[in-house]
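Structure in structure tokens, see below.
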Amino acid sequence: MKKVATRFAPSPTGPLHIGGVRTALFNWLYSKNKGGKFYLRIEDTDKERSKDKFKNQIINSLKWIGINYEDSEYIQSKKMDDHVNVANELLEKGLAYKCYCSSNEIEEQKKRAKQKKIPYIYNRKWRNKSDSDAPKDIDPVIRFKSKIEGKSILKDLVQGNIEIENNTIEDFVILRADGSPTYNLSASVDDHLMGMTHIIRGDDHKINTFKQIQIHEAMNWKIPSFAHIPLIHTAEGKKLSKRDNASTLDDYSKIGIMPNALRNYLLRLGWSYKDKEIFNLDESIKYFNLEGIGKSPSKLDINRIYSINEHYIKNIDENDLFSFLKTYCETFKEKIPDAAEKKIKKSLHFLKNKAKTLEDIYENSKFLINDKIQINREDKKLIDETAIKIIKFFSDDINKLSDFSRETLQPIIDKLIKNNNTNFKGVGQPLRICLTGSKFGPGIFDILCSLGKEEVLKRLSQIR
RNA sequence: GGUCCCUUCGUCUAUCGGUUAGGACACAUGGUUUUCAUCCAUGAAAGAGGGGUUCGAUUCCCCUAGGGACCGCCA
């Protein structure tokens, strides 16, 4: 049995969206599960629309989410000669032919078909004509001689057997008038050249598959296995496209979603293994299979993304969490100063408990990142006479403390509550506001301990 | 319009002919709590409709309805 080889083959004509990432993930996991190889092929034969910017974005996206590929990227445009050669070979063998129809002529036919509401299919006009009839002023395209009789059955690994009448597939163009190869030709040739054994892609490719199989057959190549996965839909139930907002990886990373969480989410979107929800990387590889892929399209659910992210925040190793946080802050917020690093690391155990995203952690650690505390006007009103008095007493009391911990602080707070005839809020709230600039946030003891005695005294002294 | 595909709680899904149709997220209610959260408990919530096949269908088949994809000298 040949070693499994899969590939992800995006065209760099726009930002990669998470549907594409999921396709890449499935291909990658499948090959890893089988101990095979996974490749990235950049389909950049459309020179007009392909942009390096998008190519880099694709590469970075895969890197971010942890999908690695063999060798360097396979650049399709570099193989165009091979594609052209195959077209010529098919031509020589009589399995393809030159079509001299002008584009106007084709357009006319399409228009007419539309008016009559009948399906347009190229009429195979030049299929059996000889070149001697050819008009001099037209550069021909090369069309593949598709099967006309009978049916084809695609044994799809996800969708089961798909049967189609051969005559519904037209004699598609494989070489343009300018001599450049088209998608179906290039993809077929490259899949063969790269030794692909399994092609896992969106089911919007199903018709292409019938065409590509025919090219493989005509060239006597081994035909890979196919798995067409349902597309991801938007909340409105339409195919997810590059133009939808919240569709690229960046849209998620910038709100503080972690790569492993998104990977887990994408894996479970349209795929399942019993009732299991959380899959770490090893488990993803271990359990992934094609049988678990559902047949119906699934919708994106941001709540689920948050929830899985939250789970990862609370359960991964704190050193890992910190490095995700560090990268996140540096990329999207502000660099965490060295001085704050230690404090945040020490505080992660409580910071993470109130966070769904890295952004939440960042928001709650601002008081550790910045020494300057900003208090808004509303909150300032809460610091009244009594509050200032309490703060003063508190400062005096902790000043005497040699051991600064929850155990030593608790009695002080209790005493203040009693002496001032108030409740916990009466003491905790002003302290929290003065120390962090916010009414909300971590528990007051957590704030106190992570700041440390000196810093607490310093911040409180600025209020009096 | 043609071809092909799909259809279980709002969402992601489990079930591979016999279940009180299960789980997770979201939602609601209650509890814990030091604000915001967390956490715990409880609750509401689904087999599109109609025919078959069968002792028995969510599960197999057919029809209808709804949804989707494709129909480029783009990929």
Side-chain angles (χ1 to χ4, degrees), chain A residues 9-14 43-46 48-50 76 99 101 103 106-107 110 113-121 139-143 154 156 158-160 162-165 167-170 172-184 186-187 202-208 210 228 230-231 233 235 237-239 265 268-278 291-292 294-308 310-311 314 350 352-356 360 363-364 413 423-425 427-429 431-433 436 438-447:
Chain A
S11 65
T13 54
E43 305 213 323
D44 59 342
T45 53
D46 184 340
E48 289 293 301
R49 299 198 302 140
S50 295
Q76 188 166 58
C99 162
C101 292
S103 33
I106 300 284
E107 286 307 314
K110 279 186 192 171
K114 203 162 196 176
Q115 278 169 1
K116 287 196 208 159
K117 293 200 166 186
I118 53 170
Y120 166 76
I121 182 164
D139 290 328
V141 297
I142 295 182
R143 287 181 185 270
L154 166 63
D156 193 273
V158 168
Q159 317 241 348
I162 303 167
E163 198 176 290
I164 193 172
E165 296 280 347
N167 63 17
T168 59
I169 293 175
E170 67 171 359
F172 53 96
V173 173
I174 53 175
L175 223 55
R176 300 187 185 93
D178 67 2
S180 64
T182 63
Y183 167 73
N184 280 302
S186 296
D203 68 12
D204 50 342
H205 277 288
K206 257 184 290 186
I207 298 296
N208 290 325
F210 284 99
H228 289 94
L231 269 9
H233 280 181
K238 300 275 188 237
K239 173 184 173 178
Y265 171 75
R268 276 289 284 100
L269 187 66
W271 178 85
S272 63
Y273 179 80
K274 299 182 181 167
D275 272 345
K276 197 169 163 59
E277 301 282 352
I278 302 298
E291 295 76 52
K295 289 185 172 188
S296 52
S298 31
K299 289 176 190 161
L300 236 30
D301 180 7
I302 189 68
N303 278 322
R304 177 55 75 87
I305 298 179
Y306 280 130
S307 143
I308 293 183
E310 184 179 9
H311 179 274
K314 292 191 171 129
F350 66 82
K352 71 182 181 184
N353 277 333
K354 27 193 357 109
K356 277 183 158 52
D360 292 342
E363 289 298 332
N364 276 325
I413 302 257
N423 54 17
F424 194 95
K425 194 178 171 187
V427 177
Q429 195 171 62
L431 279 178
R432 183 198 311 282
I433 292 170
T436 71
S438 170
K439 264 186 298 195
F440 314 118
I444 192 67
F445 291 109
D446 288 331
I447 294 172

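Here is how names work: the chains are called A, B, and so on, in the same order as the sequence lines, proteins then strands, and each is numbered from 1.
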request  = Tell me what A:Val141 touches on the nucleic acid: a base, only sugar-phosphate, or nothing, going by heavy atoms under 4.0 Å.
outcome  = base

Any-strand Watson-Crick or G-U partner of B:G1, both distances under 3.5 Å = B:C71

ask   = What does A:Thr45 touch in the nucleic acid at a heavy-atom separation under 4.0 angstrom: a base, only the sugar-phosphate, or nothing?
value = sugar-phosphate

ask   = Distance-only, no hydrogens or angles: does the A:Arg304 side chain make a donor-acceptor pair with backbone N or O of A:Ser307 under 3.5 Å?
value = no

task = Apply side-chain contact (heavy atoms from CB on, under 4.5 Å) to the pair A:Val173 and A:Arg143, showing each step before the final yes or no.
result = CA-CA 4 Å; A:Val173 173; A:Arg143 287 181 185 270; 3.8 Å; yes

message = I'd like to know if A:Asp360 and A:Lys354 make a salt bridge, using a cut-off of under 4.0 Å between side-chain N and carboxylate O.
response = no

task = Answer yes or no: is there a donor N or O on one side and an acceptor on the other, between the side chain of A:Thr168 and the main chain of A:Glu165, under 3.5 Å?
result = yes

message = Can you see whether A:Asp178 engages A:Ser180 through a side-chain donor-acceptor pair at a distance of less than 3.5 angstrom?
response = yes

request  = Pick base, sugar-phosphate or nothing for A:Lys276, based on heavy-atom distances below 4.0 Å to the nucleic acid.
outcome  = nothing

inquiry  = Would you say A:Thr13 and A:Ser11 are linked by a side-chain donor-acceptor pair, where the criterion is simply a distance under 3.5 Å?
reply    = yes

query = Do the side chain of A:Thr436 and the main chain of A:Ser438 share a donor and acceptor less than 3.5 angstrom apart?
reply = yes

ask   = Where the side chain of A:Lys314 is defined as all heavy atoms beyond and including C-beta, which of B:C25, B:U34, B:U38 is the nearest nucleotide?
value = B:U38

key: Short side-chain N/O contact from A:Lys239 to OP1 or OP2 of B:G67, under 4.0 Å   = no

message = Rounded to the nearest 0.5 Å, what separates atom CG in A:Leu300 from atom CG in A:Leu269?
response = 6.5 Å

request  = Name the nucleic acid region contacted by A:His233, choosing base, sugar-phosphate or nothing; use a 4.0 angstrom heavy-atom cut-off, strictly under.
outcome  = sugar-phosphate

request  = Could you check whether A:Asp44 gets within reach of a base, just the sugar-phosphate, or nothing at all, counting any heavy atom under 4.0 Å?
outcome  = nothing

ask   = Using purine N1 to pyrimidine N3 plus N6-O4 or O6-N4 for Watson-Crick, or N1-O2 and O6-N3 for G-U wobble, each under 3.5 Å, what pairs with B:A65?
value = B:U7

inquiry  = If you compare all heavy atoms of A:Phe350 against all heavy atoms of A:Pro442, which two are closest, and at what distance to 0.1 Å?
reply    = CE1-CB, 3.4 Å

key: Out of B:G72, B:A75, B:G67, whichever nucleotide has its closest atom nearest the side chain of A:Glu43   = B:A75

task = Please work out if A:Glu310 contacts a base, only the sugar-phosphate, or nothing of the nucleic acid, heavy-atom cut-off 4.0 Å.
result = sugar-phosphate

note = A:Lys439 atom NZ is separated from B:A37 atom C1', nearest whole Å, by 16 Å

note = For A:Ile162 and A:Phe210, the nearest pair of non-hydrogen atoms, with its separation, is O-CZ, 3.7 Å

query = So what does A:Cys99 hit on the nucleic acid, given a heavy-atom distance under 4.0 Å: a base, only sugar-phosphate, or nothing?
reply = nothing

inquiry  = Rounded to whole Å, please give me the gap between CG in A:Leu175 and C1' in B:G72.
reply    = 16 Å

key: N or O in side chain of A:Ser272 less than 4.0 angstrom from B:A14 OP1/OP2   = yes

remark   = Against the side chain of A:Lys356, the closest entry in B:A75, B:A26, B:U35 is B:A26

ask   = Reckon A:Gly202 touches a base, only the sugar-phosphate, or nothing at all at heavy-atom distances under 4.0 Å?
value = nothing

request  = Could you measure between the two P atoms, the one in B:U38 and the one in B:A26, and give it in whole Å?
outcome  = 8 Å

task = Quick one: look up who B:C39 pairs with, Watson-Crick or G-U, both distances under 3.5 Å, and put none if it's unpaired.
result = B:G31

query = Going through the distances and angles, do A:His311 and A:Tyr265 end up as a ring-ring contact (aromatic ring centres under 6.0 Å, His included)?
reply = CA-CA 11 Å; A:His311 179 274; A:Tyr265 171 75; over 10 Å; no

Taking only N/O atoms, report every protein-nucleotides 1-5 of chain B pair under 3.5 Å with atom names and distance.
residue : atom : partner  : partner atom : Å
B:G1    : O2'  : A:Lys117 : O            : 2.8
B:C5    : O4'  : A:Lys206 : NZ           : 3.1
B:C5    : O2'  : A:Gln159 : OE1          : 3.1

request  = Could you tell me whether A:Thr13 contacts a base, only the sugar-phosphate backbone, or nothing, with contacts defined as non-hydrogen atoms closer than 4.0 Å?
outcome  = nothing

key: Distance between P atoms of B:C39 and B:U64 (Å, rounded)   = 49 Å

ask   = Under 4.0 Å between a side-chain N or O of A:Ser296 and OP1 or OP2 of B:G67?
value = no

ask   = Base, sugar-phosphate, or nothing for A:Pro442, non-hydrogen atoms under 4.0 angstrom?
value = base

ask   = NA contact type, A:Gly441, heavy-atom cut-off 4.0 Å: base, sugar-phosphate, or nothing?
value = base

Provide a list of protein-nucleic acid N or O atom pairs under 3.5 angstrom, restricted to nucleotides 20-24 of chain B.
residue : atom : partner  : partner atom : Å
B:G22   : N2   : A:Asp275 : OD1          : 2.8
B:G23   : N2   : A:Glu277 : OE2          : 3.0
B:A24   : O4'  : A:Glu277 : OE2          : 3.4
B:A24   : N3   : A:Arg304 : NH2          : 2.3

